[in-house]
Amino acid sequence: MVETAGSEKREAKRSSASGSQQEAAGGLWDSVKKAAFVIGSGILFLAAFGNSLTWHLQKFWGASGDFWQNLWTKVYLAFQGHDAALFFLGTMLAPTLVFWALNGLLLLVDTSGTPSFITRYRIQEDKNSPVDPVKLRQAVKAVLFNQVFISGPMVVAVYCLMSWRGDPCGPELPTFHWALMELAIFSISEEILFYYSHRLFHHPSLYKHFHKQHHEWTAPIGVVSIYAHPLEHVISNMLPVIIGPVLMGSHITTTTMWYCLALVSTTISHCGYHLPFLPSPEFHDFHHLRFNQCYGVFGVLDRLHGTDSKFRQTKQYERHTLLTSLTPLTQSIPETPKKGQ
């Protein structure tokens with residue numbers, strides 16, 4: 001009887017463990033499919049948009065042949081003999097302008113609390129309405145410091161590395177399909193490096209000295225995406241983004257496009273608004289709210305390591321989808337009322 005009972009318990013444990021493994025595998029596969037869908041949709045959109053835009057521009061300006069190659073040739077000839085200046089303008093100035101153009105618009109909303117047709121999509125409804133001006137000034141100063149004194153010199157170092165192994169400002173553009181493949185590789189390398197470096201900065205011995213600064217914002221806004229200690233900015237913000245183009249020996253045009261996409265992506269992840277037809281920021285917003293969940297970009301490694309288990313039990317997880325209507329998800333998927341309410 002005792003042996004039978006023991007055997008039944010062991011069998012139950014094995015069944016439970018097997019079930020958990022199957023659930024984890026299924027969850028991981030679900031995250032992989034979601035990441036593939038996001039990347040694939042982006043590639044298809046870029047392909048369609050690129051072809052359409054090229055056709056319209058060719059028709060409008062009467063360009064002949066390959067519009068993008070002709071345009072690049074003009075830029076290349078204008079900067080001939082000044083590759084360093086061209087590289088710096090393309091990979092530093094252009095992404096910086098994109099970052100501040102997008103965040104300038106978001107800051108108008110954050111500081112004024114209007115217009116309501118934007119603020120109604122706020123994820124943490126009771127926060128940043130409007131944002132604390134003192135706290136914001138501190139964040140903007142740190143962001144500008146990181147961009148000028150950290151990102152700038154790192155871009156110079158990237159140029160030296162890429163020039164040593166090839167010609168990042170060559171006269172020939174990469175093919176459209178090759179550029180898209182590179183963007184996919186960059187996304188994968190960013191996910192891996194950002195996830196593990198981010199988790200490293202959450203180690204107690206490092207968190208209080210470095211990463212705590214970024215988590216002063218439990219309800220983030222777009223501009224704080226690069227509000228970080230300089231060491232963290234180097235290791236966790238910059239390296240995951242720049243490593244892909246360096247390893248692939250990418251052309252400046254692909255590198256510039258990737259830097260701009262990375263800055264737009266992290267701005268959306270931190271913006272605090274789940275806006276229609278834009279990627280969901282719920283995943284990273286939850287990380288700022290709870291600290292020990294959702295470390296990655298796409299969520300694949302979080303599912304693999306179980307660092308999204310609490311997130312998947314929340315309403316935020318249910319809202320973590322592309323919003324295709326004008327009704328805020330906080331209304332269509334409201335919080336469960338607490339007992340006694």
Under a 4.5 Å side-chain heavy-atom rule over Ile, Leu, Val, Met, Phe, Trp and Tyr, are [X] and [Y] clustered together?
| X | Y | value |
| --- | --- | --- |
| Leu275 | Leu102 | yes |
| Met257 | Leu93 | yes |
| Leu136 | Tyr227 | yes |
| Phe176 | Leu71 | yes |
| Ile226 | Val148 | no |

Return yes when atom NZ of Lys135 has more than 12 non-hydrogen atoms of other residues, nucleotides or ligands closer than 6.0 Å, and no otherwise.
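Check passes, neighbour count above 12.
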
Within 6.0 Å of NZ in Lys212, more than 12 heavy atoms from elsewhere:
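No.
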
Atom pairs and distances, donor-acceptor, side-chain atoms in residues 232-248, under 3.5 Å, two or more places apart:
residue : atom : partner : partner atom : Å
Glu232  : OE1  : His211  : ND1          : 3.1
Glu232  : OE2  : His211  : ND1          : 2.7
His233  : ND1  : Asn237  : ND2          : 3.1
His233  : NE2  : Ser151  : OG           : 2.9
Ser236  : OG   : Ser197  : OG           : 3.1

Verify, without hydrogens or angle tests, whether [X] (side chain) and [Y] (backbone) share a donor-acceptor contact under 3.5 angstrom.
| X | Y | value |
| --- | --- | --- |
| Ser163 | Cys160 | no |
| Asn128 | Ala219 | yes |
| Arg122 | Lys127 | yes |
| Asp302 | Gly296 | yes |
| Ser250 | Thr255 | no |
| Gln69 | Glu172 | no |
| His274 | His320 | no |
| Asn103 | Phe99 | yes |
| Arg319 | Ile333 | yes |
| Gln316 | Phe286 | no |

Closest non-hydrogen atom pair between [X] and [Y], with its separation:
| X | Y | value |
| --- | --- | --- |
| Gln293 | Lys310 | OE1-N, 2.9 Å |
| Pro279 | Leu322 | N-CD1, 4.5 Å |
| Leu263 | Pro95 | CD1-O, 3.4 Å |
| Arg120 | Thr330 | O-OG1, 4.4 Å |
| Leu323 | Thr327 | CD1-O, 3.5 Å |
| Phe87 | Pro168 | CE1-CB, 4.0 Å |

Calculate, to the nearest 0.5 Å, the distance between atoms [atom1] and [atom2] belonging to [X] and [Y] respectively.
| X | Y | atom1 | atom2 | value |
| --- | --- | --- | --- | --- |
| Asn146 | Met154 | CG | CE | 11.0 Å |
| Arg199 | Leu301 | CZ | CG | 10.0 Å |
| Cys169 | Leu86 | SG | CG | 4.5 Å |
| Ser189 | Glu182 | OG | CD | 11.0 Å |
| Leu77 | Trp72 | CG | CH2 | 10.0 Å |
| His215 | Arg290 | NE2 | CZ | 13.5 Å |

Please evaluate residues Tyr121 and Tyr273 with respect to the criterion ring-ring contact (aromatic ring centres under 6.0 Å, His included), reporting the C-alpha separation (whole Å), side-chain torsions for both, the decisive distance (0.1 Å), and the verdict.
CA-CA 5 Å; Tyr121 295 103; Tyr273 303 101; 8.6 Å; no

Side chains of [X] and [Y], donor plus acceptor under 3.5 Å:
| X | Y | result |
| --- | --- | --- |
| His202 | His287 | yes |
| Ser205 | His203 | yes |
| Ser187 | Glu191 | no |
| Glu190 | Trp258 | no |

Carefully, step by step, assess Tyr159 and Phe88 under the rule ring-ring contact (aromatic ring centres under 6.0 Å, His included).
CA-CA 8 Å; Tyr159 171 73; Phe88 191 83; 9.8 Å; no

Note, Asp285 side chain near Pro220 side chain (heavy atom, < 4.5 Å):
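Sidechains of Pro220 and Asp285: in contact.
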
Would you check if Asp167 and Asp83 make a side-chain contact, meaning some heavy-atom pair closer than 4.5 Å?
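In contact.
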
Ionic contact status for Lys315 with Glu318, cut-off 4.0 Å
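Looking at Lys315 together with Glu318, the answer is yes, because their closest N to O distance falls below 4.0 Å.
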
Would His305 and Tyr195 count as a ring-ring contact (aromatic ring centres under 6.0 Å, His included) if you check the C-alpha gap in whole Å, the side-chain angles of each, and the deciding distance to 0.1 Å?
CA-CA 11 Å; His305 293 293; Tyr195 177 86; 5.4 Å; yes

ring-ring contact (aromatic ring centres under 6.0 Å, His included) evaluation trace for His288 with His270:
CA-CA 9 Å; His288 275 260; His270 287 85; 5.2 Å; yes

